[in-house]
Amino acid sequence: MKLARAASYSLLLVGLILIGTTSCEKRVPRLVKKKCVDCHQEEAKQFKAARVVHSPVSKDRCESCHRPHGLIGGVYLRVSEKELCYTCHKDSKAMLDKKHVHAPVKEEKCVSCHNPHSSMNKDLLKGKENELCFICHKEDIYTRKTAHPPLSTKGCLVCHDAHGSDYEQYLFDTKNNVCAKCHDFRKSGFITGHAGYKVGESRCVSCHTSHSSSNPKLLHEFIHMPLDKNECSACHHHPESAEPLKVEEKGASLCYGCHTENQAAFTKAHVHAPIKEGNCLSCHSPHATDNKYMTLLPDGKLCYSCHKETEELFKRQYVHNPIKENNCTACHNPHASNNEYELKDPGKMLCFQCHKKDDFTYSNIHDPVKKGDCVVCHNPHASDNKFELELVEIEQCYTCHQKERMLFDRVNVHTPIRIGRCVVCHSPHSIDRKKLLIQAKKKLCFNCHQGMLDEVKGGTIHPSFEKGECLRCHNEHASDNDFQLIETGEENCYRCHTRIQATSKMNRYNHAPLKQGECTACHNPHGSKIRGQLNRPVGSLCLSCHTDLGVHIEKDKHKHTPAKEGACLKCHGPHYTNIEDLLTAQGARLCESCHNLEASAIANSHSRITISQSDCIGCHESHTSENKGLLHKVLHRPFADGDCTACHE
C-alpha cells in the first residue's frame, strides 16, 4: 500500500514539473510561408494578362527563378542569369555546341530576345517577327525597294535558326538547299531567267542578295555589267557547250578583254600581289556584291583578309582616321603605283591630301617635314602614342636630337621637358620663328606663367621679367641650378647688377644675405607689390631673420620710432656700408637726420653738454629699452642721478 502511494506521489510530481516547464517556456510564433504573389498581386495580374505567360509565372511560382529574401528581395535571381534558364530548359544548352551560335545565345543572355515573365508574342519574344531582329540588325539593308518574299511575308526564321546552326549565318541548311526549298532550279522558266544556264549547282548569293535589293532581280547593289545585261556568255562558255559555266579565259586575261585601259595602268614600279599574279578575283566578285567596285568585302576588311598582321596594329589606342574608317584606299592604290607600298602619292604629298598644306610650309620647317618624311615621326596606321607617333613624344624627338638628350640630363628640368611635351613650346612641323617656337620668345613663357605677372601688376616688376626676357636668368630647357637658373645664387644677379657687386667689395661690412649670395632672401626675383621687389614690408622682412630684436620690440616698454614703424633703412644700409651694423652714418651724425641736436630741449636733457661729436649709443639703446629715453639698462650713478657735471665740464 505504501509503495502504491509513493508511486502516485511520484507521478503527480512529474506532472507538475511538466506543466510548469511548459507554461514558463517562451512561445515562438509559427512562421507561415507566403508566396511573392500574395503581396505583388498587381504585377502578377499584369503578367498574366499577356497572351503568352511563362510557366512559373502562370503557376505563381516566382520563387522558381527569384530569391524571396534579401534587402531588395526578388531583384536577385536564385542562380546567375547564364545558368538560370538551363535549370528547366536543359535541352536548349545543346545549342551552344553548334558550329555557328547567335550572339545572345553565345553570351547566354536569353532575355535579350525573350521576356522572362510574359509577352503578347509567341515564345515569349520581346517583339513581333522581324521587329525583334531589327533591334540589333540594321534595318535599312533588309527593307530596300525589292524584298525577298520570305523575309517580307514570313519573317527571318523561314531561313534562319534564331539560336544556332551548323551552317553559316544560322541557316537551317546549306545556302543553295535553303534556296531550293522555294525555287525549282530545273524549271525551264528558272533556266531561261538565267540566260539559259543551269545554275542549280552554283552559289545563288554570288549574284543575288538574300534579303532586299534596289533592283527588281534581287541582285547585289554593285553588278558586273555583263550580268546586269544578262550576257553571261561574255565571260562563260555558251550555255549549250559541254562546260557552259567554265570561263573563256583564265585569270586577268579574261578581265583585260574588256578592261584594256587597266592593263596599261597596272604596269607600274610597284604592283599589288594579286594583280601581279593575275588574280583579280582575290578582291573582286565576277558577278555582284554590295560593296563599291564589286569587292568581295568592304574596303579595309577586304585588305585584312590578307594583311592580318596589319589588322593587329589597329587594336592600338590611336588609329589614323582612314584606318578607323576602314578606308585603306584613301592612301594606297589597290592595283599599282610608282610609289612604294602602292601609295597614291610620294611622301608628304600624300599627307597633304587630308592635312592642310599651309601648316607645313612656313619659313622655318622641321627637317623631316622638309624632306617629306612624315613617317619618320608618325606611324601611318596606328600607335599607342598620341598623334600616331612611333614613340612617346620626347623619345621621338630624341631619335634625332641626341645632343639635347644629354644637355637636358640636369638636376632641374623645365616642366614641358620633364613631362615629355616639347610641343608646348615648339611646333613639330613648321612656323615663321626661329627654333620652331610657337610664339615670340618674349610672349612664349607667359603662355604658362601669365599668373606670375598678374600677381605683381601695379607693383615693382623686374624689368627682364616684365619684358618677357626670361632667358636672361633661366635656361629654357634644364640646369643644375634651382629654377633652371643660368648661374647659382648671386652670380645670376651680378650678370646685370654689376654695380652692387663692385661696390659691395669696396665696403667693409656686407649684409649677411648679400655676403652669402642669397639675394632672394629679401627680394622677389620677378616682382613685388612692395617697393624694391621685397618679399615683405621692410620691418617684418628684417625681423624674419633678426628674431631676437622682434622679441624685444614686442615686450619692451620704450621703442625707438624707426624700429617701432619698421623703418630699418632710416639707420641701416640694406646691402653694405663701411660702418659696423650696416649703419649709414657714425655717432651723432646718424641721429641728427631725425633729431635736432641744437634744440634747447635736447641741450637741457643733456645738461647743456655738447653732444654733436658724441656716440649716442654710448648712453642710448638703438632699438628698444625698459628705461625712458631708451637709456641702457645699467646706468653710471652720476648719470642716473642726472649729475653729468660730476664728470663732464
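Side chains of Q450 and D454: a donor-acceptor N/O pair is present below 3.5 angstrom, by distance only. In this structure, a donor-acceptor pair under 3.5 Å is absent between the side chains of S383 and E390. Under the 3.5 Å distance criterion, with hydrogens and angles disregarded, no donor-acceptor pair is assigned to the side chains of T260 and N262. Side-chain N/O atoms of T174 and N176 include no donor and acceptor closer than 3.5 Å. With 3.5 Å as the limit, one finds a donor-acceptor pair spanning the side chains of S363 and D432.
In this structure, CG on L296 lies 14.0 Å from NZ on K301, to the nearest 0.5 angstrom. With rounding to the nearest 0.5 angstrom, the NE2 atom of H272 is 7.0 Å from the SG atom of C303. Distance check, rounded to the nearest 0.5 Å: OH of Y304 to CZ of F314 gives 4.0 Å.
H335 and F266 have parallel rings, their planes meeting at less than 30° on a 0 to 90° scale where 60° marks the start of perpendicular. A parallel orientation is assigned to the rings of H449 and H414, their planes being inclined by less than 30° (bins at 30° and 60°).
Side chain of S212 to main chain of A147: no donor-acceptor pair is present (N/O by atom type, distance under 3.5 Å, no hydrogens or angles). Here the side chain of N215 pairs a donor or acceptor atom with the backbone of L218 at under 3.5 angstrom.
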Criterion salt bridge (charged side-chain N to carboxylate O under 4.0 Å, His left out) on K109 and E81, from CA distance to verdict: CA-CA 7 Å; K109 291 188 176 178; E81 186 182 331; over 6 Å; no

From CA spacing to verdict: salt bridge (charged side-chain N to carboxylate O under 4.0 Å, His left out), K435, E476: CA-CA 12 Å; K435 296 185 179 180; E476 67 264 53; 3.8 Å; yes

Criterion salt bridge (charged side-chain N to carboxylate O under 4.0 Å, His left out) on K386 and E393, from CA distance to verdict: CA-CA 8 Å; K386 204 171 181 182; E393 186 179 306; over 6 Å; no

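Partner of H429 under the ring pair (Phe, Tyr, Trp, His ring centres under 6.0 Å) criterion, out of F360, Y362, F352: F360 alone.
When the shell of 6.0 Å around CG of D140 is examined, it contains more than 12 heavy atoms from other residues, nucleotides or ligands. Atom CD of E201 has 12 or fewer heavy atoms from other residues, nucleotides or ligands within 6.0 Å. The neighbour count for Y341 OH, taken as heavy atoms of other residues, nucleotides or ligands under 6.0 Å away, does not exceed 12. Other residues, nucleotides and ligands contribute over 12 non-hydrogen atoms within 6.0 Å of the NZ atom of K175. Heavy-atom neighbours of Q46 CD from other residues, nucleotides or ligands within 6.0 Å: at or below the threshold of 12.
Closest approach of P150 and V158 over heavy atoms only: CB-CG1, 4.1 Å. In this structure, G127 and L132 approach most closely via the heavy-atom pair N-CD1, 3.9 Å. Shown here for S285 and S206, the closest heavy-atom pair between the two residues is OG-O, 4.0 Å.
Remark: aromatic rings of Y142 and H211 are close, center separation under 6.0 Å. Checked against the 6.0 Å centroid threshold, Y197 and F190 do not count as a close aromatic pair.
The salt bridge (Lys or Arg N to Asp or Glu O under 4.0 Å) pairs that include a residue from residues 344-357 number zero, where partners must be two or more places apart or lie in different chains.
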